[in-house]
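Take a look at the structure below.
In this text the structure is predicted, and so the values were computed from the model without any measurement.
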Amino acid sequence: MNHISAGDTAWLLAATALVMLMTPGLGLFYGGMVRRKNVLSMIALSFIAYAIVSVQWIVYGYSISFGPDIHGIIGSLKYLLLFGFYHKVIGDVPALIYVAFQLVFAAITLAIVTSACAERIKLSAFLLFGLLWTTFVYDPIAHWVWGGGWLSKLGALDFAGGTVVHISSGFGALALALAIGKRRGFGEYNMEPHNIPMTLLGAALLWFGWFGFNAGSAVAANASAANAFLVTNTAAAVAGLSWMFASWIKEGKPGSLGFVSGAVAGLVAITPAAGYVNVSGAIAIGIVVGVLCYNMMLFRIRKGLDESLDAWAVHGMGGLWGAIATGIFATRAVSQYTGLIYGNFHQFIVQILAASASVAYAFVVTFIIAKFVDAVVGLRVSEEEEYVGLDISQHGETAYT
Amino acid sequence: MNHISAGDTAWLLAATALVMLMTPGLGLFYGGMVRRKNVLSMIALSFIAYAIVSVQWIVYGYSISFGPDIHGIIGSLKYLLLFGFYHKVIGDVPALIYVAFQLVFAAITLAIVTSACAERIKLSAFLLFGLLWTTFVYDPIAHWVWGGGWLSKLGALDFAGGTVVHISSGFGALALALAIGKRRGFGEYNMEPHNIPMTLLGAALLWFGWFGFNAGSAVAANASAANAFLVTNTAAAVAGLSWMFASWIKEGKPGSLGFVSGAVAGLVAITPAAGYVNVSGAIAIGIVVGVLCYNMMLFRIRKGLDESLDAWAVHGMGGLWGAIATGIFATRAVSQYTGLIYGNFHQFIVQILAASASVAYAFVVTFIIAKFVDAVVGLRVSEEEEYVGLDISQHGETAYT
Amino acid sequence: MNHISAGDTAWLLAATALVMLMTPGLGLFYGGMVRRKNVLSMIALSFIAYAIVSVQWIVYGYSISFGPDIHGIIGSLKYLLLFGFYHKVIGDVPALIYVAFQLVFAAITLAIVTSACAERIKLSAFLLFGLLWTTFVYDPIAHWVWGGGWLSKLGALDFAGGTVVHISSGFGALALALAIGKRRGFGEYNMEPHNIPMTLLGAALLWFGWFGFNAGSAVAANASAANAFLVTNTAAAVAGLSWMFASWIKEGKPGSLGFVSGAVAGLVAITPAAGYVNVSGAIAIGIVVGVLCYNMMLFRIRKGLDESLDAWAVHGMGGLWGAIATGIFATRAVSQYTGLIYGNFHQFIVQILAASASVAYAFVVTFIIAKFVDAVVGLRVSEEEEYVGLDISQHGETAYT
Amino acid sequence: MKKIEAIIRSEKFEDVKKALESKGIIAMTVTEVKGRGEQKGITLQFRGRTMEVDLLSKIKIEIVVDDSKVDTVVKTIVDSARTGKFGDGKIFIIPVEKSIRVRTGEIEK
Amino acid sequence: MKKIEAIIRSEKFEDVKKALESKGIIAMTVTEVKGRGEQKGITLQFRGRTMEVDLLSKIKIEIVVDDSKVDTVVKTIVDSARTGKFGDGKIFIIPVEKSIRVRTGEIEK
Amino acid sequence: MKKIEAIIRSEKFEDVKKALESKGIIAMTVTEVKGRGEQKGITLQFRGRTMEVDLLSKIKIEIVVDDSKVDTVVKTIVDSARTGKFGDGKIFIIPVEKSIRVRTGEIEK
Ligand SMILES: Nc1ncnc2c1ncn2[C@@H]1O[C@H](COP(=O)(O)OP(=O)(O)O)[C@@H](O)[C@H]1O
Ligand SMILES: Nc1ncnc2c1ncn2[C@@H]1O[C@H](COP(=O)(O)OP(=O)(O)O)[C@@H](O)[C@H]1O
Ligand SMILES: Nc1ncnc2c1ncn2[C@@H]1O[C@H](COP(=O)(O)OP(=O)(O)O)[C@@H](O)[C@H]1O
């Protein structure tokens, strides 16, 4: 048995708890944006996504993601139910907390995808979809990038999951949105957020938890964690302001929703880069991603696309930019890896390649899974169920009296 | 002065903060479930429970719980006001953080009991009741199990407080509910939760904080903490799904409230076991507790019992099952202790004994205290005060304008 | 490169995340207290304060606060953009996490000041005001007390920011309130809190985060952190009860808002003292501050002063009392420093001096900045904008539908 | 045609709704309101102080029916909403000149 | 003078408002209500069970106008609020004896 | 018997309530509404753009009284709710045929 560092373990325990909180935080973030009649459904989807992945991960998800590599494609089933893991050590932390840390990443990724089916998915369909998605989309990509698969062999950098978490969920959401179709009345009626303070609270929890996400990804309490912590905060703050100013100029009013959407976009974009860039890089990444994702959202709306809560615009495109930006701004001041600014064209190309492969894979496989679930149990609720709202029709509950 | 481990201390500091957050989290969890006119009262009861215990604990509560043992029954008053504690070390952490960690446990336990008197208790009565309850119910049981008292000598296992926290509060709540009587209109009118998203937020904070609760109980950042962390999450997720499916089958609709109630039940049940079982054991414990507590809630309603927010069904019965389950699923894969599955019948019997003694003690003493407080200051508000709601009648406030 | 302690770093990473959460927590705390039409504005001000400081701090704020001292007045610009900080170590933690820890302090300080301009400030004016304030008020005082400036040379004690954070923001808020003027209808109409549960949630997050604030200020996971943790909790609980009883006696009803205001006052007052007093001292500090700040609030209302959300009464006066109380209750049981109770009259005088200087500086400079901003862009929205509310007029949003 | 406006206790609403249904009165519009009657709400005593809680939450039910049905509706509401204590509520009968169904545009008088 | 009380689908409110504006009808009072019509809301099937969602969220618009404008207002609302499905809403015409402007105290009949 | 429906500024509600009390008018029903008058709410200028905030929060007070008291109630409301600026509100007088007290079932005309 290897040596365990209590300090590194202490941080990973705390970081895992922080990341766990992000999933209900995301539920609130999304829940505030939907109409009053769907808020419980929206929050419940996050909780249920979390629960599905929590079980799947310890049974076989961890194993196929992080188990012994099979041809660079997938992990083996060797770690089923984590037998014998109590005494294992990974790096210098107990293996079980590493498993838990990876679990909370897998969980929130599925939760992000629920953006696409807001206010119209059948609960039973989501249970099936969720299990398939985490198994066939998340786990393979996690294996490719972090579990010793082909992308890691290629040298792709993804510190905390720009590709694994955000590209996969963002482009997955896009595919799911296309498969499930628009909400009735989309583009016709007002579908304004019913409770923006709830969304702001959710954003606060996301920002808070993201420190665990990115700084925890150092899997140690060291300078790399400290750097990840600070650049994470920098990118979030800068991107929040950047989106706010962009919308201020374009629409004349800087919404609070715009600020927090920008902050989330900043958090997304810094995720893959957090272990490789310094604060100057974070500022650049943040400025760009705020303007970029804001315009992607406008583009999405212009196209009449009901990717309802903008997982694609924010996580998909933000993650894509982050992956590429890692290949630009990686600096020797922070790690051994360098990017375009150091003339490292190779890394830049690898980043684009890895991101593109993940975009394509996530999009295509998600679309297939969604169509399959639609054929088997039907993805959508009936028109009347949608009209009365998912809280009543799927859960038999009313959020507020 | 012994050696302090910065790593273990770092985790215990973080864990204590996490557990602290559970008490207002519980306030929100309960606050969402009551009617609009009592929400401030409900949240305030948690805050005030926390404050009462915070003061009592450092003055004498810690001392009678963890002070030098007197005949296995109670601790001595030696540690009054914690004089000289700054330089003490417990295990390898500063004694003061150990005191704080134990404090937040004592605090939430009293907060759980407020379930029983929701929407009808007089604030002044609760101040008195709370002080007596924490002194005469919580502190002795804590001493018996963790402070070197007779149950610990018997060999009863309770990793993070299935008996000390959940059995005592759950069965205490039952006794208090019987003593204070039903809410007016209970069983007649609709008393639906006024704000389920608030309850979901509360549940999220409970789940989050529970990682501190259970993994913190290792009092170290080690493999035991990592195991506790992961099994805690597993049991919560499984039990959430288990309650959800049970209610889906029985009532035709899986409520979001059902999911989070199940998750809390899972967290309760894994609490005593978290240091002794592995993920497989956690799955078993979670499946059972979800179905069990759901049916206990139905039973409670059928009996016309107004234990208003189900502390008994969830904490009492969930804690009871957890205590027994520890004696079943304890496995050598995780610690030196074993349960029934290893043929250790002795441990199983000890667990039942310890749990039963605590059930009886908590129920009887709570009932006596409640009746005493009723006689001295009156437990309940007047009919008119109950009608206008406790927010106005006890606090002079209106929650929402 | 010095040695890094993983344990101490683990705690500082967690503590920094905790403190970060306080700023949106403060946003909710304040947001619940304003009228429904200004809630988004109020929460957004906290987020935006956080963002402004996040950028300013890494660009030059940290440098002028903690950079090489210039005549005891201000730090130099040597640490601009933190070049080369990745490999630096401060104490035994990576410099970058120390920078982040200090950042979140600076951020919440500016957020506290927003109390004074609730429901009437122009967003653009706040952007300018915020940048000037953090540069010309916060950074110098931080330098004087913590960055090697004249107050630290004088021997003033301020463990976690009673002077730097609370006096500066509280008296700054007072000056800003005078400069911006009353809300229209103040003293005439009802301006009751629109959502007290939101305020209670905010208070819970503040309390939770404050453990990072105070115990993190030990910059180590040691006995000093443990002591800070416990006395912080003690003062908060005691002061919550103290304010509650004071208002119970005076007004006949103990509000939940009163309890949490008291708790925040307790947290404020213990902040400078947390590394120097024991639990007995904390009890004394808490009792006094609850009664004191409650009466300061009544005084403020009697004077017809619209320092709208009582940053002055709670943070200003609470911080002042805390600074002085540190000079009274500092005890050798906890550190080498002593106060009046040990006959150390010198420390007592130094505390009063440092506090008074900071009061004067913060008040005067804030007033000048406010007047300057008013002259340049105008501090207040128009009468009609104030009437329809800042959510619509400044952000183009409606909080709830 | 008349509009019956009944202001009743919130907690009695379910009972009233069921009672109306059993009489075949289905259509209705419901609003959350606050109100006080002539006795001015409820007075609480607190440590020698008096506190009035005058505006209590109520439910307003509006039902438009033919003149012939007014008495049935009123009686049904009175019977199902009554507790016999102050605060039980009031019913007002207001003339309606005509009613139009949006779906079809058809007019009833 | 008449009060036009229209209870319409919430999601049609913006359309109705705009349609009225285009006819010069600006003044109005709007309330969030719940309601059901004669067909008793919506019935959902769930695992063999039937569940009625009877009270659905609606918007009530109140507009007081001169008798001469009643037909225009009614027609405008009917045209803009209609979807042709159950639940489109109802409009009631109620007599108003007079109206007073608070700002000036002036009375209109 | 008349129903007086007054739509007033929310922030004036406490003043109006007290003024009515002082005239012995206690009973009332209160609803939160949104509304706009003929001048169409408030127009804000923002960076050269115009933004209309048309629906502002208002309080609707409903009071049913004998015909003899109508003028007192109206005058009291007008006096206490007025600020003299646009948006002060409107009062409508609507006939009520009868009123029934739920507690006793007694009818007033
Ligand atoms: N004259 C009135 N005008 C308007 N609303 C009234 C009037 N009288 C009663 N109400 C409404 O009816 C509700 C119940 O009236 P209340 O007087 O309490 O009933 P009871 O007389 O049976 O005790 C009040 O809260 C108020 O909303
Ligand atoms: N007789 C009535 N009295 C009061 N409100 C009514 C009445 N009929 C309909 N309503 C209101 O109008 C709304 C729409 O009515 P509905 O019957 O659903 O329209 P439609 O007949 O076009 O389907 C209902 O939800 C209810 O609020
Ligand atoms: N014709 C009307 N029909 C219905 N409600 C009206 C009408 N006119 C005014 N109101 C209501 O009265 C409120 C105040 O009216 P407003 O025109 O702003 O007062 P003023 O004319 O004194 O400025 C409006 O917000 C609206 O709710």
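Contacts of residues 99-109 of chain E with chain F at a heavy-atom distance below 4.5 Å involve Ser99(E), Ile100(E), Arg101(E), Val102(E), Arg103(E), Thr104(E), Gly105(E), Glu108(E), listed in sequence order.
Scanning both residues, Glu32(F) and Thr31(E), for their nearest heavy atoms gives O-CG2, 4.2 Å. Annotation for Pro95(F) and Pro95(E): closest pair CD-O, 3.3 Å, computed over non-hydrogen atoms.
Contact annotation for Lys2(F): only side-chain heavy atoms (C-beta onward) come within less than 4.5 Å of a heavy atom of chain E. At a 4.5 Å heavy-atom cutoff, the contact between Ile25(E) and chain F is made by backbone atoms alone. Contacts of Val96(E) with chain F are made by both backbone and side-chain atoms, with heavy-atom separations under 4.5 Å. For Lys34(F), the parts lying near chain E are the backbone and the side chain together; criterion is any non-hydrogen pair under 4.5 Å. For Lys3(E), the part sitting under 4.5 Å from any heavy atom of chain F is the side chain, from C-beta outward, and nothing else.
Counting heavy atoms from C-beta on, the side chains of Glu21(E) and Asp54(F) come closer than 4.5 Å. Counting heavy atoms from C-beta outward, Arg36(F) and Ile26(E) have side chains that approach closer than 4.5 Å.
Looking at Ile94(F), Ile91(F), Ile93(F) one by one, the single match for side chain to side chain contact (heavy atoms under 4.5 Å, CB included) with Lys98(E) turns out to be Ile93(F).
In this structure, Glu62(E) CD and Glu5(F) CD are separated by 5.5 Å, a value rounded to the nearest 0.5 Å.
Counting heavy-atom pairs under 4.5 Å between each of Met1(E), Lys17(E), Glu97(E) and chain F puts Glu97(E) at the top.
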